Chemist: 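Structure provided below as structure tokens; questions to follow.
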Amino acid sequence: MNVFALFATRVADALKGLYPSITEEALSRIVVEPPRDAAHGDLSSNAAMVVAKPLGKNPRDVASALADHFKADKDVASVEVAGPGFLNFRLETPIWHDVLKSVAAQGAEFGKSNVGKGERVNVEYVSANPTGPMHVGHTRGAVFGDALASLMAYSGYDVTREYYINDAGSQIDTLARSTMLRYREALGETIEIPSGFYPGDYLVPVGQALKAEFGSTLLDKPEAEALALAKDRVLAAMMDLIRADLAKLNIHHDVFFSERQLHGQGGEVDTTLDWLRSQDMVYQGRLEPPKGKTPEDWEDREQTLFRATNYGDDVDRPLVKSNGAYTYFAADIAYHRNKYLRGFKHMVNVLGADHSGYVKRLQAAVKAVSHGEADIDVRICQLVRLLKNGEPFKMSKRSGDLVQLSDVVEEVGSDATRFMLLYRRNDAAMDFDFAVVKEQTRDNPVFYVQYAHARTYSVFRKVADELPDLDVTPAALAKADLSLLSSEADLELIKALAQWPRIVASAADAHEPHRVAFYLYELASAFHGFWAKGNQDVALRFVNADDSKLTAARLALVAAVRQVLVNGLNLLGVSAPEELS
RNA sequence: GGCCUCGUAGCUCAGGGGAUAGAGCAGCAGCCUUCUAAGCUGUUGGUCGGAGGUUCGAAUCCUCCCGAGGUCACCA
């Protein structure tokens with residue numbers, strides 16, 4: 001049950017009754033939300049102000065008419081018109097108790113919605129080049145994409161989690177050559193790794209595996225053939241590495257889409273280009289060098305260009321390199337056309353900050369290949385600065401070897417890594433301080449939220465101790481007399497729970513998982529606050545040995561808090577421990 | 001030079017058309033014979049980078065400027 005959505009509907013219905021000429025457009029701008037200042041009531045709506053102008057009425061008059069209408073609503077204790085025409089509601093206590101019942105009845109489903117209407121959405125994230133293990137730079141996008149995918153699935157979308165493997169192009173040839181060196185090394189040769197090659201140790205086992213599989217026979221084969229075999233094996237090995245790294249953060253994709261499969265004679269890049277030509281979206285032409293900074297090796301030549309400017313990009317984009325091969329972007333157009341042809345009308349791409357310049361052309365590509373039918377939201381994850389005790393921390397360890405994702409997870413754990421990265425907006429740069437993340441204090445939001453969850457278990461343990469005869473099964477708690485939960489503190493906590501459905505909906509709609517993280521922090525804070533009140537006032541304790549009825553009601557409340565914390569933590573992919581050690 | 005993102009309390013950050021702009025930390029003042037004090041309560045602190053504009057209403061949207069970061073044919 002979503003109290004806010006419920007009243008949004010009631011307000012809209014009331015307006016339709018009062019002003020039959022009202023338009024859907026005006027109604028769609030109505031918001032029902034908690035007022036910024038709780039003293040103004042439980043719910044607040046801008047309805048009168050939004051609707052007044054198109055109706056040619058005074059906002060306060062419309063608000064008064066609505067207020068009169070809601071005086072008859074049995075769930076409404078009072079309605080007030082405030083300021084320029086706000087409508088402030090105070091609700092009767094029973095409706096809040098209904099929220100608790102609804103949490104218990106819906107369990108893990110409480111907060112789920114169907115705003116996605118089962119529509120298919122493709123969320124592409126990580127897509128790190130398969131040239132080595134994941135490093136810290138990839139972590140934020142990985143966690144963000146994963147949480148966003150969960151959030152959208154929870155909100156009724158049919159989500160496909162996808163990883164685009166950039167396994168074509170010259171970097172992969174270099175990777176294959178680097179692997180061949182390690183192969184020679186495994187065969188006993190002394191090797192030197194030229195600059196430009198991949199120096200990482202992680203290729204050593206791949207070289208050894210080649211030796212185990214082929215002995216020394218690869219050396220006798222023509223180079224192209226040997227390289228092709230090496231490429232095949234190293235790509236598989238690198239993807240295994242990457243999958244293992246992702247698994248450490250509990251991240252799993254549904255589809256791994258290989259760029260290689262798009263290339264080749266008659267491949268999808270070919271057919272896509274033919275199609276683009278047939279649509280007159282491609283031409284032969286020249287580009288101006290970028291203003292203010294002409295590259296030294298700038299070569300003014302005629303090239304094959306995609307008419308990106310027709311779709312909102314700043315310049316038209318080359319599709320064919322000077323050596324005749326397709327550009328990365330050409331393959332990317334084919335890839336996104338492939339997504340569209342697979343039936344995705346909604347796409348989300350999670351990219352790193354260094355790709356922000358790529359956004360417009362990607363949007364242009366999607367618009368072009370779908371004739372405007374599909375949409376793509378590109379979410380950019382800004383840089384993460386690693387700190388240790390407030391001091392910047394070197395990202396690269398040895399020569400060209402970056403701090404790896406697995407190093408971070410091993411040091412601080414998956415839960416803390418995920419929560420901290422999600423506790424910031426994706427589009428702002430952030431600091432990640434190892435010292436803070438490992439701290440077990442309020443400074444550390446992960447701990448703070450998990451502690452609240454653990455406390456709910458602590459309460460139940462206490463009950464088992466003090467009131468061993470009390471039936472605390474969900475079925476028994478469902479029968480508890482919730483009307484006993486009438487204190488200010490009780491209602492405040494319930495109202496915090498009532499927020500959950502609208503928080504999820506807004507987070508999914510805005511593609512902003514951090515809203516969930518912030519909400520969980522607030523809910524944890526409300527729960528810890530209630531707990532402390534019990535220290536001052538025995539009547540506010542969750543467990544009252546001499547009042548089993550009140551205790552049962554309070555346990556229903558505690559169970560609901562736990563449920564919402566679990567639902568939220570699940571969305572973020574963070575565990576909900578019963579005890580902290 | 002173009003484009004993208006950001007600029008909110010001393011620090012780290014929420015809020016992204018709505019009422020008197022919030023939280024944590026730091027600072028100050030309190031709370032443990034207690035359901036885990038691994039916690040809680042109160043309090044100090046702001047020209048929302050600057051200037052215009054849009055409107056009933058702007059931290060929020062638009063324009064320009066300043067500052068920080070990223071990026072800039074053919075790499076991926």
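FYI, side chains are in, hydrogens and waters are out, and symmetry mates aren't considered; it's all heavy atoms of this structure. Numbers restart at 1 for each chain; the letters A, B, ... are given by sequence-line order, proteins then strands. Source: prediction; values computed, not measured.
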Chemist: Short of 4.0 Å, heavy atom to strand atom, which residues of residues 45-57 of chain A count as contacting RNA chain B?
Modeler: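 Only Asn46(A), Met49(A), Lys53(A) qualify.
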
Chemist: Once salt bridge (charged side-chain N to carboxylate O under 4.0 Å, His left out) is applied, what residue pairs with a partner in residues 352-366 of chain A remain, sequence neighbours excluded?
Modeler: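 Only Asp314(A)-Lys360(A) qualify under salt bridge (charged side-chain N to carboxylate O under 4.0 Å, His left out).
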
Chemist: Of all the heavy-atom pairs spanning Arg140(A) and Gln382(A), show the shortest one and how long it is.
Modeler: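 Shortest heavy-atom contact: NH1-O, 2.9 Å.
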
Chemist: Which part of the nucleic acid, if any, lies within reach of Leu287(A) when heavy atoms closer than 4.0 Å are counted: base, sugar-phosphate only, or nothing?
Modeler: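 Counting heavy atoms under 4.0 Å across all strands, the contact made by Leu287(A) is with sugar-phosphate only.
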
Chemist: Could you pick out which residue, Ala454(A) or His40(A), lies toward the 5' side of RNA chain B when each is mapped onto its nearest nucleotide?
Modeler: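 Here His40(A) is the residue nearer the 5' end.
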
Chemist: Can you check salt bridge (charged side-chain N to carboxylate O under 4.0 Å, His left out) on Glu124(A) and Lys339(A), steps first, answer last?
Modeler: CA-CA 10 Å; Glu124(A) 182 199 330; Lys339(A) 283 185 188 173; 2.8 Å; yes

Chemist: OP1 or OP2 of rA37(B) less than 4.0 angstrom from a side-chain nitrogen or oxygen of Trp531(A), does that happen here?
Modeler: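 Checking Trp531(A) against rA37(B): at least one side-chain N or O falls below 4.0 Å of OP1 or OP2.
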
Chemist: Regarding Asn88(A), tell me which of base, sugar-phosphate or nothing describes its non-hydrogen contacts under 4.0 Å with the strands shown.
Modeler: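 Base contact - Asn88(A) has a heavy atom under 4.0 Å of at least one base atom.
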
Chemist: For Asp297(A), enumerate each residue passing the side chain to side chain contact (heavy atoms under 4.5 Å, CB included) test, keeping only those at least two apart in sequence or located in another chain.
Modeler: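 Per chain and number, Asp297(A) pairs via side chain to side chain contact (heavy atoms under 4.5 Å, CB included) with Pro295(A).
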
Chemist: What's the closest nucleotide to the side chain of Trp298(A) if the choices are rU36(B), rA73(B), rA19(B)?
Modeler: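 For Trp298(A), the side-chain atoms sit closest to rA73(B).
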
Chemist: For His528(A) and Tyr448(A), what are the C-alpha separation, side-chain angles and deciding distance, and is it a ring-ring contact (aromatic ring centres under 6.0 Å, His included)?
Modeler: CA-CA 9 Å; His528(A) 288 311; Tyr448(A) 189 73; 4.6 Å; yes

Chemist: Quickly work out the Arg60(A) CZ to rG18(B) C1' distance and round it to whole Å.
Modeler: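 My rounded result for the distance is 14 Å.
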
Chemist: Excluding sequence neighbours, so at least two apart, what forms salt bridge (charged side-chain N to carboxylate O under 4.0 Å, His left out) with Lys495(A)?
Modeler: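 Salt bridge (charged side-chain N to carboxylate O under 4.0 Å, His left out) list for Lys495(A), sorted by chain: Asp42(A).
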
Chemist: Looking only at side-chain N and O atoms, does His514(A) come under 4.0 Å of OP1 or OP2 in rG15(B)?
Modeler: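 Answer yes for this pair, as a side-chain N or O of His514(A) is under 4.0 Å from OP1 or OP2.
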
Chemist: Taking the six-membered ring for Trp and the full ring for Phe, Tyr or His, determine whether the centres of Phe434(A) and Phe432(A) are under 6.0 Å apart.
Modeler: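 That pair passes the under 6.0 Å test.
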
Chemist: Base, sugar-phosphate, or nothing: which does Val543(A) touch, judged by heavy atoms less than 4.0 Å apart?
Modeler: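 If one applies the 4.0 Å heavy-atom cut-off, Val543(A) turns out to touch a base.
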
Chemist: Verify whether one side chain among Tyr125(A) and Asn349(A) offers a donor that lies under 3.5 Å from an acceptor in the other.
Modeler: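 On atom types as modelled, these side chains do not qualify, holding no pair under 3.5 Å.
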
Chemist: Could you go over nucleotides 42-49 of chain B and give all protein N or O partners under 3.5 Å, atom names and distances?
Modeler:
none

Chemist: Mind checking salt bridge (charged side-chain N to carboxylate O under 4.0 Å, His left out) for Glu466(A) and listing every partner two or more places apart, or none if nothing turns up?
Modeler: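 Testing Glu466(A) for salt bridge (charged side-chain N to carboxylate O under 4.0 Å, His left out), a comparison that skips the adjacent residues, returns Lys462(A).
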
Chemist: Please report the distance, rounded to the nearest Å, between OH in Tyr448(A) and C1' in rU36(B).
Modeler: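 That distance rounds to 14 Å.
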
Chemist: If you measure from OG on Ser258(A) to CD1 on Ile165(A), what distance do you get to the nearest 0.5 Å?
Modeler: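 Reported to 0.5 Å precision, the distance equals 5.5 Å.
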
Chemist: Phe86(A) on top of rA19(B)'s base, within under 5.5 Å and under 30°?
Modeler: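 Ring-base stacking flag set for Phe86(A) and rA19(B).
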
Chemist: Applying side chain to side chain contact (heavy atoms under 4.5 Å, CB included) to Asp332(A) and Tyr164(A), what does each step give before you reach the verdict?
Modeler: CA-CA 10 Å; Asp332(A) 226 11; Tyr164(A) 183 50; 3.6 Å; yes

Chemist: Between N or O atoms, less than 3.5 Å apart, protein on one side and nucleotides 7-13 of chain B on the other: list the pairs.
Modeler:
| unit_1 | atom_1 | unit_2 | atom_2 | d |
| --- | --- | --- | --- | --- |
| rU12(B) | O2' | Arg424(A) | NH2 | 2.8 |
| rC13(B) | O2' | Arg424(A) | NH1 | 3.4 |

Chemist: If you assign Ala82(A) and Arg29(A) each to the RNA chain B nucleotide with the nearest heavy atom, which residue ends up on the more 5' nucleotide?
Modeler: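 First, find each residue's nearest nucleotide; the 5'-ward one identifies Ala82(A).
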
Chemist: Any non-hydrogen side-chain atom of Glu162(A) less than 4.5 Å from a side-chain atom of Tyr335(A)?
Modeler: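 Result yes, sub-4.5 Å side-chain heavy-atom pair found.
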
Chemist: Taking the cut-offs as 6.0 angstrom to the six-membered ring centre and 45 degrees off its axis, would you call Arg177(A) and Phe197(A) a cation-pi pair?
Modeler: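 Not satisfied by the 6.0 Å and 45° rule.
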
Chemist: Asn535(A) near the nucleic acid: base, sugar-phosphate alone, or nothing, with a heavy-atom cut-off under 4.0 Å?
Modeler: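 Base contact - Asn535(A) has a heavy atom under 4.0 Å of at least one base atom.
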
Chemist: Regarding Arg317(A) and the six-membered ring of Phe306(A), is the cationic atom NZ or CZ under 6.0 Å from the ring centre and inside 45° of its axis?
Modeler: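 No, a cation-pi geometry is absent between Arg317(A) and Phe306(A).
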
Chemist: Is the distance between the ring centroids of Tyr163(A) and Phe257(A) under 6.0 Å?
Modeler: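 Tyr163(A) vs Phe257(A): aromatic centres not under 6.0 Å.
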
Chemist: Can you measure Leu87(A) atom CG to rG18(B) atom P for me and round it to whole angstrom units?
Modeler: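 Rounded to the whole Å, the gap is 17 Å.
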
Chemist: Salt bridge (charged side-chain N to carboxylate O under 4.0 Å, His left out) with Asp547(A): which residues, sequence neighbours excluded?
Modeler: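 Not a single residue meets the salt bridge (charged side-chain N to carboxylate O under 4.0 Å, His left out) criterion with Asp547(A).
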
Chemist: Could you tell me whether the phosphate oxygens of rC4(B), OP1 or OP2, come under 4.0 Å of any side-chain nitrogen or oxygen in Lys360(A)?
Modeler: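 Looking at the OP1 and OP2 atoms of rC4(B), one of them is under 4.0 Å from a side-chain N or O of Lys360(A).
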
Chemist: Over all strands shown, is Pro318(A) touching base, sugar-phosphate only, or nothing at heavy-atom distances under 4.0 angstrom?
Modeler: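 Pro318(A): backbone/sugar contact only, no base atoms under 4.0 Å.
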
Chemist: Would you indicate whether the side-chain heavy atoms of Gln450(A) and Val574(A) approach each other to under 4.5 Å?
Modeler: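 In contact.
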
Chemist: Between Asp490(A) and Ser487(A), does any side-chain donor sit less than 3.5 Å from a side-chain acceptor?
Modeler: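 Yes, a side-chain donor-acceptor pair sits under 3.5 Å.
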
Chemist: Atom pairs under 3.5 Å, N or O on each side, protein against nucleotides 58-61 of chain B: can you list them with distances?
Modeler:
| unit_1 | atom_1 | unit_2 | atom_2 | d |
| --- | --- | --- | --- | --- |
| rA59(B) | N6 | Arg36(A) | NH2 | 2.9 |

Chemist: Any residue in residues 163-173 of chain A with a heavy atom nearer than 4.0 angstrom to RNA chain B? Just list them by number, or reply none.
Modeler: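 The answer is Asn166(A), Ala168(A), Gly169(A), Ser170(A), Gln171(A).
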
Chemist: Evaluate the side-chain proximity of Ile380(A) to Asp427(A): yes if any heavy-atom separation is below 4.5 Å, no if none is.
Modeler: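 When only atoms from C-beta onward are counted, Ile380(A) and Asp427(A) do not touch, as no gap falls below 4.5 Å.
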
Chemist: Quick one: sort the Phe530(A) and Phe542(A) rings into parallel, tilted or perpendicular, breaks at 30° and 60°.
Modeler: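 The arrangement is parallel - the two ring planes meet at less than 30°.
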
Chemist: Is the shortest side-chain N/O distance from Arg455(A) to OP1 or OP2 of rA37(B) below 4.0 Å?
Modeler: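 Affirmative; the distance criterion is met.
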
Chemist: Going by heavy atoms in the side chains, are Tyr457(A) and Arg461(A) under 4.5 Å from each other?
Modeler: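 Of all side-chain heavy-atom pairs linking Arg461(A) with Tyr457(A), at least one is under 4.5 Å.
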
Chemist: Rounded to the nearest 0.5 Å, what separates atom CG in Leu477(A) from atom CG in Leu470(A)?
Modeler: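 If we round to the nearest 0.5 Å, Leu477(A):CG and Leu470(A):CG are 7.5 Å apart.
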
Chemist: Quick one: label Lys533(A) by what it contacts on the DNA or RNA (base, sugar-phosphate, nothing), any heavy atom closer than 4.0 Å.
Modeler: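 No contact.
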
Chemist: The test is salt bridge (charged side-chain N to carboxylate O under 4.0 Å, His left out); show your working for Asp431(A) and Arg385(A) and say whether it passes.
Modeler: CA-CA 5 Å; Asp431(A) 291 343; Arg385(A) 201 160 56 117; 3.0 Å; yes

Chemist: Only Watson-Crick and G-U wobble pairs with both distances less than 3.5 Å should count. Give RNA chain B in dot-bracket notation, marking inter-strand partners with |.
Modeler: (((((((..((((....[...)))).(((((.......))))).....(((((..]....))))))))))))....

Chemist: Produce the list of close N/O pairs, under 3.5 Å, pairing protein atoms with atoms of nucleotides 68-70 of chain B; give distances to one decimal.
Modeler:
| unit_1 | atom_1 | unit_2 | atom_2 | d |
| --- | --- | --- | --- | --- |
| rG70(B) | O2' | Ala353(A) | O | 3.1 |

Chemist: Please work out if Gln536(A) contacts a base, only the sugar-phosphate, or nothing of the nucleic acid, heavy-atom cut-off 4.0 Å.
Modeler: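 Since only primed, P, OP1 and OP2 atoms lie under 4.0 Å of Gln536(A), the category is sugar-phosphate.
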
Chemist: Are OP1 or OP2 of rA73(B) and a side-chain N or O of Tyr328(A) less than 4.0 angstrom apart?
Modeler: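 No, outside the criterion.
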
Chemist: Measure from the side-chain heavy atoms of Asp427(A) and tell me the nearest of rC6(B), rC3(B), rC75(B).
Modeler: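 So the side chain of Asp427(A) is nearest to rC6(B).
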
Chemist: Students often get this wrong, so: under 4.0 angstrom with heavy atoms, is Ser458(A) touching a base, only sugar-phosphate, or nothing?
Modeler: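 Here Ser458(A) touches the bases of the nucleic acid.
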
